[in-house]
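Presented below is the structure to which this report refers.
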Amino acid sequence: MMRLLMANWHKWLALLVFMQLLIWLTTGLYFNSLMDSADNVTTERLVQHEGYLPGRQLYPVQAIAAPPPVAISLVWVLGSPYYQFDYNQPLHDYYLKQRRLFNATTGVPWQISPEQIAKIAEQAYSGRATGSKPVLISPPIDDLPRQQNPLWQVRFADEYSTAIYLDALTGHVIKHTNDRQRFDDLMFTLHFMDYSGSGFFNHPLIIVFATATCLLSLSGGYLLIFGSRQRPAAQSATPVTLTINFASTAEPARLEVRPTDTVFNALSKHNIELPSECGGAGTCGKCRVQCSADTPVNDVEHYHLSEQQLASGIRLGCQQLTGTCQQLQLPYR
Amino acid sequence: MRFVGLQFILWAVTGLYMVCLDIHFIHGEPLTHPSSVPLQLNDITYSTSHLLEDYPDATAITLVTLLQKPVYRFRSASGQRTVHVVDAITGLPVDLLSQAQARKIAEAAYTGSAVIEKVSPLISRAADGALNPLWVVRFDDFASSTLYIEQQSGRIIRRRHNYWYVFDWMWRLHIMDYDDGENVTNGWLRTVSLVSVLAALSGLTLLILRLARRRRPAL
Ligand code: FES
């Protein structure tokens, strides 16, 4: 019974992924409707590092005392030129970079000072708060989970807890962030289930959940298409009387019902609810009623009930039509 | 409701594809290895000072090796996107890359073992309308790996393979933007995800109601 198997799976998968499903949906809706990253960081200001070069003599690169790099770039820091020697060329800026800096006028190795970092951070910030003392922090960095390079961090005690991250060697601004941006980041963390802070979405936890969700939605689709039970065509439209005897002392009930209704639905129309988890879909097997022993049995009942139960006349209320099972017994009203 | 159900299946299936395939792989990063050839500094006769005399508005200057020769790559400060390339030995501007040179660059960078199937020219148009002539080098491997090389600079600017195209479609189906996959804020997605959130919440409510309902002992 494919359908019953699916229904069973469907139930357990749903239990497993339901919370995450709700998270996916709501965070997805957030990305779609509410997120406006461009508006997040309003205190950001462009820093003008570049100075005037022509007429200035630069130190020849071959005279610099360092092994030859893969690439050399001329970078500007606060109006002065420097040579950046790259010893690797990673595809992403956040990958570990191997570099050295030299003063482009004198050719001597150069190291940026915390004072210069503070000055750049101040220029990069248009808000009113003052910056903290710059600290050089090494990864992992909470605000930048992918970053593998150490960065300078300058914090501003404004209403959104702004933080500016600057390149360890050049002091160029890498990232300007604040609580509004961090909230968006949190939404991504939730959507990608990235609770280990990898900054990516290719990890085992989400793969497990995505697989489960795939099975859940496919089994759901299957149940939606093949889930409706075939009901025999109505034999007659005249109402029949359903007689119910209760094991408890309650008076037997006689109900006027349509013969094409299932026992489950007919009883429910008269406020007698059979136990059920599936609402009459035939997948839970809980809606047992006592009929006469010769009542016909279908596949679903074979699946849920033992031979012994079937022989003693126990059937499923949602599988029996009132037309074929007009006498039944229940424990109490 | 059935329509939302269909999108539900699409979200699940496309999401699964996207989380299963490593994003760096999808971006074709393993297709090439970065150049690690050290610069031949002693060959340089045209210094940075010379360059700045000849091109006073040069900005973002980088010295790199292109086809075994040191060259300067830079842009002009007047806001052009165009990358200029000047030979660091002769000081002369370097011509646009020839087809044969593109072939050499692609072969040197490619990490696979397949041969080149085709090299064809392409003029791509950037968002600001600037035209950028490229060489498109396609390898004869299982994923039709393709490198896009800028004719002006010799840089490999795009790496594509079949998995990327599938990924791109998965992404479009995921965000329900079927033309270019760039608009995450489209109204379709908004409507369907809103309905889905309501559906999920009503499902939860039904479940709670059912569990809270008077329980009748089973027969
Ligand atoms: S099997 Fe669940 S109600 Fe009948």
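Here is how names work: the chains are called A, B, and so on, in the same order as the sequence lines, proteins then strands, and each is numbered from 1.
Ranked by heavy-atom pairs under 4.5 Å with chain A, the first of B:Ile23, B:Val19, B:Thr62, B:Leu16 is B:Val19. No other option in B:Thr59, B:Thr32, B:Thr65, B:Asn42 has as many heavy-atom pairs under 4.5 Å with chain A as B:Thr59. Heavy-atom pairs under 4.5 Å with chain A were tallied for B:Ser196, B:Ser47, B:Gly187; the largest tally goes to B:Ser196. Of the residues considered (B:Val192, B:Val13, B:Leu204), B:Leu204 shows the highest number of contacts with chain A, using heavy-atom pairs under 4.5 Å.
The number of heavy-atom neighbours closer than 6.0 Å to CG of B:Asp43, taken from other residues, nucleotides and ligands shown, is above 12. Other residues, nucleotides and ligands contribute more than 12 heavy atoms inside 6.0 Å of the CG atom of A:Leu34.
Residues A:Tyr30 and A:Asp184 have side chains that bring a donor and an acceptor to within less than 3.5 angstrom of each other. Using a 3.5 Å distance cut-off with no hydrogens or angles, the side chains of A:Tyr95 and A:Asn88 do not pair a donor with an acceptor. Using modelled atom types and a 3.5 Å distance limit, the side chains of A:His92 and B:Glu29 yield a donor-acceptor pair.
Using a 4.5 Å cut-off between heavy atoms, A:Glu50 touches chain B through its side chain atoms alone. Residue A:Ile72 touches chain B through both its backbone and its side chain, counting heavy-atom pairs closer than 4.5 Å.
Here the straight-line distance linking atom CD of B:Gln68 with atom NZ of B:Lys104 works out to 7.5 Å at 0.5 Å rounding.
Residues of residues 106-114 of chain B never come within less than 4.5 angstrom of chain A, heavy atom to heavy atom.
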Salt bridge (charged side-chain N to carboxylate O under 4.0 Å, His left out) for A:Asp86 and A:Lys97? Distances and angles first, verdict last. CA-CA 8 Å; A:Asp86 289 321; A:Lys97 291 188 251 187; over 6 Å; no

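Geometric assessment of B:Arg172 against the ring of B:Tyr178 yields a negative cation-pi assignment under the 6.0 Å and 45° thresholds.
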